[in-house]
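Below you'll find the structure, written out as structure tokens, and then a few comments.
Whatever order the structure lists ligands and atoms in, that order sets their numbers, starting from 1. No experiment lies behind these values; they were computed from the predicted model shown.
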Amino acid sequence: MRVLITGAAGFLGSHLCDRFLAEGHEVVGMDNLLTGNTDNIAHLAGRPDFKFIKYDVTNFIYVEGPLDAILHFASPASPIDYLMYPIQTLKVGSLGTHNTLGVAKEKGARFLLASTSEVYGDPLVHPQTEDYVGNVDAIGPRGVYDEAKRFAEAITMAYHRAHNIDTRIVRIFNTYGPRMRLDDGRVVPNFIGQALRGEPLTVYGDGSQTRSFCYVSDLIEGIYRLLVCDFNDPVNIGNPTEMSIFELAHVINTMTDNPAGIVYQEGLRIKGDPQTRQPDITRARTLLNWTPEIDLSTGLEKTIRYFKDRV
Ligand code: UDP
């Protein structure tokens with residue numbers, strides 16, 4: 001296959017580039033480097049099967065040559081990033097998805113949309129199944145991301161139904177691992193950075209809110225299987241092992257021997273921050289025969305090792 005990956009210089013996009021190249025495919029990576037970084041794909045420079053194009057996909061996209069698949073991963077994805085770039089976040093989810101779908105139509109390519117557990121908002125159903133329609137505050141601070149991704153899902157299904165494009169939608173739950181930005185504001189890089197500097201971990205609110213953390217290699221495996229299977233409705237990919245943010249802080253302090261403990265920062269909790277989040281992965285298990293394999297301590301160990309050289 002020859003595949004286009006948008007957001008190729010980002011955390012997930014760069015891991016996808018590696019995976020598709022390892023499977024013997026040719027990759028065209030696109031990124032405007034708003035939140036991505038070419039360091040993540042520097043090891044691919046000069047490969048004849050990889051091409052990088054610095055481009056903002058909210059503008060009309062032209063890619064030379066055939067394409068068999070498009071994976072649309074371009075978007076700010078951490079709460080502080082999408083709060084800093086609210087308009088760009090809305091544009092890449094709406095205009096960027098429209099443009100990449102247009103390329104899929106033009107090239108006759110399969111299309112995979114990176115969606116998110118944020119489409120469920122602050123969920124009232126637990127764990128979240130794909131048929132749950134969500135509880136999203138459109139005008140709240142997180143609305144720019146949530147609604148962009150909800151629109152992206154809507155237009156992806158519309159292109160599937162109206163233009164018969166072969167589409168996939170993956171709803172990605174909290175994922176962590178090497179190549180996250182240390183300063184992207186998400187809880188795992190924040191906590192590991194603080195712990196490695198010997199600082200107290202900043203728990204927003206009382207730390208009772210929960211998340212379920214998936215190691216990046218498990219997520220990439222699930223996405224690869226989804227692309228090559230035949231299924232158009234959304235599929236949750238994530239690790240269902242749920243824990244409170246307080247527990248996560250404790251685990252990271254223990255693993256790094258950080259004596260500085262925890263500080264509670266009530267004021268830094270963003271309005272609408274979901275109180276619970278856990279994927280129901282029955283669909284992924286049955287459809288893709290996929291299940292996460294890396295447990296939290298193994299994944300955190302690899303991630304801590306990566307961040308050690310960067311603090
Ligand atoms: N969080 C925290 N301390 C931090 C960063 C985040 O307590 O330094 C909390 C945040 O309030 C949220 C959870 O950790 O409840 C996960 O936040 P993250 O930004 O990683 O992503 P989200 O799942 O909210 O999109």
Please identify which atoms of ligand 1 are closer than 4.0 Å to at least one heavy atom of [X].
X    : result
D273 : 10 (C), 11 (O), 12 (C), 15 (O)
P79  : 19 (O), 25 (O)
R277 : 22 (P), 23 (O), 25 (O)
I245 : 7 (O), 13 (C), 14 (O)
V203 : 7 (O)
N190 : 4 (C), 5 (C), 8 (O)
N174 : 21 (O), 22 (P), 23 (O)
F191 : 3 (N), 4 (C), 8 (O)

*With atom 23 (O) of ligand 1 as the reference point, say which of Q275, R211, Q209 has the nearest heavy atom.*
R211
_Using a plain distance cutoff, I'd like to know if Y204 has any nitrogen or oxygen under 3.5 Å from a nitrogen or oxygen of ligand 1._
yes
*asked:* Tell me whether R269 has any N or O atom under 3.5 angstrom from an N or O of ligand 1.
replied: no
Report yes if the side chains of [X] and [Y] come closer than 4.5 Å at any heavy-atom pair, otherwise no.
X    : Y    : answer
V203 : Q265 : no
D184 : I80  : no
M30  : V57  : yes
T276 : E242 : yes

*Give a yes/no verdict on a cation-pi contact between R310 and Y306, requiring under 6.0 Å between NZ or CZ and the six-membered ring centre and an angle within 45° of the axis.*
yes
For ligand 1, indicate whether the residue [X] contacts it via side chain, backbone, both or neither (heavy-atom separation under 4.0 Å).
X    : answer
T202 : both
V187 : both
R142 : side chain

*asked:* Between D146 and R142 (salt bridge meaning N to carboxylate O under 4.0 Å), is one present in this structure?
replied: no
*Once you round to the nearest 0.5 Å, how far does CD1 of I139 lie from CD of E147?*
10.5 Å
*Nearest 0.5 Å please: distance from the CG atom of L196 over to the CZ atom of F307.*
9.0 Å
*Using the six-membered ring wherever Trp is involved, compare the ring planes of F20 and H25 and label them parallel, tilted or perpendicular (cut-offs 30° and 60°).*
tilted
*Does ligand 1 have any atom that is closer than 4.0 Å to a heavy atom of E118?*
yes
*Would you say the side-chain atoms of Q275 and H126 include a donor-acceptor pair closer than 3.5 Å?*
no
